[in-house]
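See structure below.
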Amino acid sequence: MKITTALKTHYLTLCIMTALSSVSLSTYAQQSESQAQENKEMETIEVRGIRRSLTEALNTKRFADSVVDSISAEDIGKFPDKNIGDAMQRIPGVTVVRTFGEVAGVTVRGTAPEQSMVLLNGQNVASVGWFDLGGMNRSFNFEMLAAEQISGMDLYKSAEADINEGAMGGTVNLRTRKPLNLESGTVYASVENSYHANAKTWSPAYSGLVSWKNDDENFGVLVAYSNEESKVYRETLSNFGPAGNTTFVDTNGVERQSYGAMSSILFDEDRERSSSQITLQYAPSDALSMDLNYNLFELENSHVNSAQFAIVGFGQMQGDSVVVNDQGIVTAATSLASGPGLAPLFNNTVLRTPKMQTDALNFSVNYNADTWSADFVVGRSNAEGRTLQSSTWWGDITDTANSSFSFDVAGPLELIPTNPDYMSDHSNFALFQEFTFINYKRDNTIDYAQADFTFQLESGLFTSIQAGLKVQEQVFSSQGDFQDLDVAAAQADNLTLADFNGGFVSGLHSAEGRAGSLSAFPVASTAIWDYAHKNKPSEITVKDAFSIEEDITAAYVKSNFSGEGFRGNIGLRYVDTDILSTGSINGEPDKINKSYSNYLPSFNLAVDLSEEMIFRFAAGSAISRPDYDDMKVADIISESFQTANVGSPELDPYKSDQYDMGIEWYFSPSSIIGATFFIKNISDYIEQTTVKENYPGCGPECLVTRSRNVGTADVRGLELQYQQDFDNGFGIQANYTYTDSSRTNSAGEEVPIEEVSQNSFNLSGYYENEIFSARLAYNYRDDWVRQYNGSSLDSMNDPYDQLDASIVWHATDYLDITLEAANLLNEALVLRQPKAGNIVHSVDEFGTRYFVGASIRF
């Protein structure tokens with residue numbers, strides 16, 4: 001497979017070189033031609049304002065042949081939100097996924113976040129996720145990219161033959177800046193300080209950009225760098241597993257259905273993100289241009305996850321204390337320690353030092369002749385993730401009565417130590433049960449070569465024909481290197497939390513907690529790392545190691561057409577995918593090959609009902625490939641529990657037939673009223689199932705969990721959009737999305753699609769003049785299915801809303817002062833289990849963040 005892809009890549013590279021040599025003489029002869037087109041396309045940084053940004057984005061949408069929404073940065077460093085994901089939630093049909101306060105993924109038109117795709121300048125970017133609990137999916141993480149270097153982004157909601165396949169929801173293309181589109185000598189610099197209200201800490205950020213081009217304006221260089229430190233401070237009250245999933249016999253001999261574990265958690269992270277960009281442009285004539293672009297993204301997320309865990313089974317449930325709800329599930333009880341060796345209420349400290357690095361290097365050539373043009377791109381993207389992790393358990397295992405507890409899950413978790421002094425001293429917590437030391441390694445490499453041709457037609461309905469070929473090789477690998485410490489040897493050193501005293505936290509869960517919520521407890525310091533490094537064994541045990549190679553060849557043809565009052569395109573994309581999954585099954589090395597081909601037709605039509613009104617229709621087919629962790633050749637077997645977790649390398653991709661119909665009224669250059677109806681019919685839906693099998697090494701009655709293509713899904717929805725500038729400094733943006741989504745699961749039942757809200761809307765108002773601008777942005781989504789900490793498939797997240805604000809003072813022509821706030825309402829994520837009596841399964845609080853900054857540009 002590698003040889004085949006290498007030959008294809010070399011062939012396209014040769015084509016590029018040949019094309020360059022064939023046009024080089026003619027292009028130098030054209031150096032004196034008019035620069036009118038270049039001047040037309042040049043970005044100007046003198047014009048500032050929210051209105052300009054919205055107008056540019058609306059123009060992209062208005063004149064596109066397909067269904068596209070756009071976001072434009074009105075100037076360098078003036079992206080309309082704190083990050084890419086926050087900006088995307090203002091687009092109709094989009095809701096965002098927040099797991100640590102900042103947007104990490106998007107749900108587009110009723111599809112899961114991993115079923116949308118993020119491109120950088122039209123190309124895939126390698127990704128590895130950001131730590132061991134993060135999914136191994138294909139979409140580039142928004143958290144890796146600083147917004148300052150983005151000139152804009154386009155969200156393609158309908159299929160087009162020339163756009164990379166892989167997204168059922170939407171394809172996001174992020175566009176970086178180019179030096180020949182900026183004034184020579186452009187300089188931008190900014191500084192910022194952010195304050196996290198819950199953590200009560202400040203974090204700095206800075207960025208800079210310099211762009212230069214020669215007097216002939218045919219060669220330019222752009223260099224940009226940004227660095228941002230931030231505090232992620234998540235306060236969690238969580239139960240584990242489905243409610244009533246565990247059976248206990250209380251002291252009265254009665255069987256009780258209860259949660260088996262619950263916890264009060266503080267996730268305290270120091271995040272540092274940096275982005276670097278170097279772009280070289282050479283345009284020896286109007287006909288020929290060449291770009292060399294390099295981007296480097298780095299993210300470090302060192303954190304301490306401090307959890308005060310309560311394990312009901314480590315003690316005895318007191319029968320006289322039990323309270324049950326109408327479903328017979330225990331909502332309150334006391335669990336007393338039953339003997340030495342186990343602490344029912346204990347500290348679980350998890351240290352992680354995730355470090356991710358992604359780069360992207362590509363070289364592109366564009367040649368425009370009188371009746372045809374050609375674009376060539378070759379490139380590579382690499383991603384590397386390394387995460388050291390250590391997990392330790394600490395509690396009183398000598399006088400275990402100290403670690404008894406009471407709990408109440410009728411609302412947000414109340415967790416009350418039987419001994420009030422238990423949480424007052426680090427020395428009460430001795431090491432027991434667990435001291436892990438793991439290095440998780442993930443690597444992803446993408447090599448690609450692409451050639452695109454456009455041929456202009458002089459007459460007839462069709463105005464041009466586009467055709468292209470792309471070859472891409474992707475390699476993803478993952479493994480865990482385990483060097484767990486000898487707990488008995490560590491206990492012999494009489495270790496307690498006092499040896500790693502990280503102080504105390506207090507005042508947690510202020511937004512959603514109740515009187516008995518455990519809001520104060522001792523925490524460990526990162527000095528645990530020093531002990532782990534000194535005492536880890538030299539032997540390394542490799543677990544869950546696998547690699548996946550994919551060779552993808554895509555070819556397409558697309559015809560653009562136009563006539564009196566209409567325009568559009570029709571196309572077909574053919575994709576061939578060859579997969580080699582390597583790993584081990586039952587401890588034996590194994591390899592599995594998988595191949596599939598897809599024909600993806602597309603049709604887009606825009607009809608001008610009047611000068612201001614457009615009717616749109618689109619139809620097409622799309623695929624979304626399985627996540628890497630679904631496709632691995634690996635299994636984890638527990639003989640004692642008769643269970644096995646097995647990868648599924650022979651999965652087929654999701655397939656979707658999708659349709660759009662809408663109308664748009666542009667009643668001014670920066671105003672719109674629009675409505676779009678959309679349908680997606682999805683087949684080969686992937687679900688994680690558990691069934692009994694005769695699995696080798698596990699037995700004939702083994703419960704095997706694996707991902708399978710089991711059913712279908714249907715999504716129908718309506719997007720409404722309203723945007724208006726009132727020509728007096730004031731303006732408004734509003735949109736509403738209704739999504740009706742369901743899927744058929746492996747049992748033949750119709751269930752909701754995860755992460756999809758039925759109703760969502762955004763409302764933003766702004767005012768600006770020559771001196772300052774201000775904006776208030778409100779985002780709302782109603783409840784949605786969400787799995788978290790082992791909760792059941794029917795768990796529902798409460799509606800979520802968020803209010804953000806920003807003020808910019810244009811102090812001089814060159815200096816801006818900014819003040820911004822995110823999550824002003826301090827909204828929390830609240831997850832419930834309706835079938836268990838609406839028990840609150842978990843609460844996550846992120847707090848409000850404030851930002852103050854200054855920027856200059858020349």
Check whether [X] reaches the backbone of [Y] with its side chain - one donor and one acceptor, N or O, closer than 3.5 Å.
X      : Y      : answer
Ser404 : Ala337 : yes
Ser390 : Phe437 : no
Asp425 : Ser427 : yes
Arg849 : Ser230 : no
Glu235 : His509 : yes
Gln318 : Gln316 : yes
His426 : Asp499 : no
Asn325 : Ala836 : yes
Arg832 : Asp798 : no
Thr436 : Ser391 : yes

Checking side-chain contact (heavy atoms from CB on, under 4.5 Å) against Tyr259, which of Thr246, Ile839, Val312 comes through?
->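 When Thr246, Ile839, Val312 are each tested with Tyr259, the side-chain contact (heavy atoms from CB on, under 4.5 Å) holds only for Ile839.
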
Would [X] and [Y] count as having a side-chain donor-acceptor pair, cut-off 3.5 Å?
X      : Y      : value
Asp635 : Tyr695 : yes
Thr107 : Glu755 : no
Asn826 : Glu845 : no

Could you pull out the closest heavy-atom pair between Gln479 and Ala545, with the gap in Å?
->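 Heavy-atom minimum between the residues: CB-CB, 3.6 Å.
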
Partners of Asp443 by salt bridge (charged side-chain N to carboxylate O under 4.0 Å, His left out), sequence neighbours excluded?
->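 Applying salt bridge (charged side-chain N to carboxylate O under 4.0 Å, His left out) to Asp443 gives Arg386.
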
Can you name the residues that form a salt bridge (charged side-chain N to carboxylate O under 4.0 Å, His left out) with Asp783, not counting sequence neighbours?
->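 Scan of Asp783 (salt bridge (charged side-chain N to carboxylate O under 4.0 Å, His left out), adjacent residues dropped) gives none.
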
Taking the side chain as C-beta and beyond, is there a heavy-atom pair between Tyr628 and Ser478 under 4.5 Å?
->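 SC-SC contact between Tyr628 and Ser478 ruled out.
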
Testing Phe309, Tyr422, Trp394, Trp393 for ring-ring contact (aromatic ring centres under 6.0 Å, His included) with Phe429, which one passes?
->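 By the ring-ring contact (aromatic ring centres under 6.0 Å, His included) criterion, Phe429 pairs with just one of Phe309, Tyr422, Trp394, Trp393: Tyr422.
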
Do the ring planes of Phe482 and Tyr440 sit parallel (below 30°), tilted (30 to 60°) or perpendicular (above 60°)?
->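 Because their plane-to-plane angle is over 60°, the rings of Phe482 and Tyr440 count as perpendicular.
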
Any chance you could lay out the side-chain contact (heavy atoms from CB on, under 4.5 Å) test for Glu827 and Gln802, step after step, and finish with the verdict?
-> CA-CA 6 Å; Glu827 183 71 5; Gln802 181 163 313; 5.5 Å; no

Return yes when atom CG of Asn694 has more than 12 non-hydrogen atoms of other residues, nucleotides or ligands closer than 6.0 Å, and no otherwise.
->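 For Asn694, atom CG is crowded (more than 12 foreign heavy atoms under 6.0 Å).
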
Trace of the side-chain hydrogen bond (donor to acceptor under 3.5 Å, both in side chains) decision for Asp844 with Thr236 | CA-CA 5 Å; Asp844 290 321; Thr236 298; 2.5 Å; yes

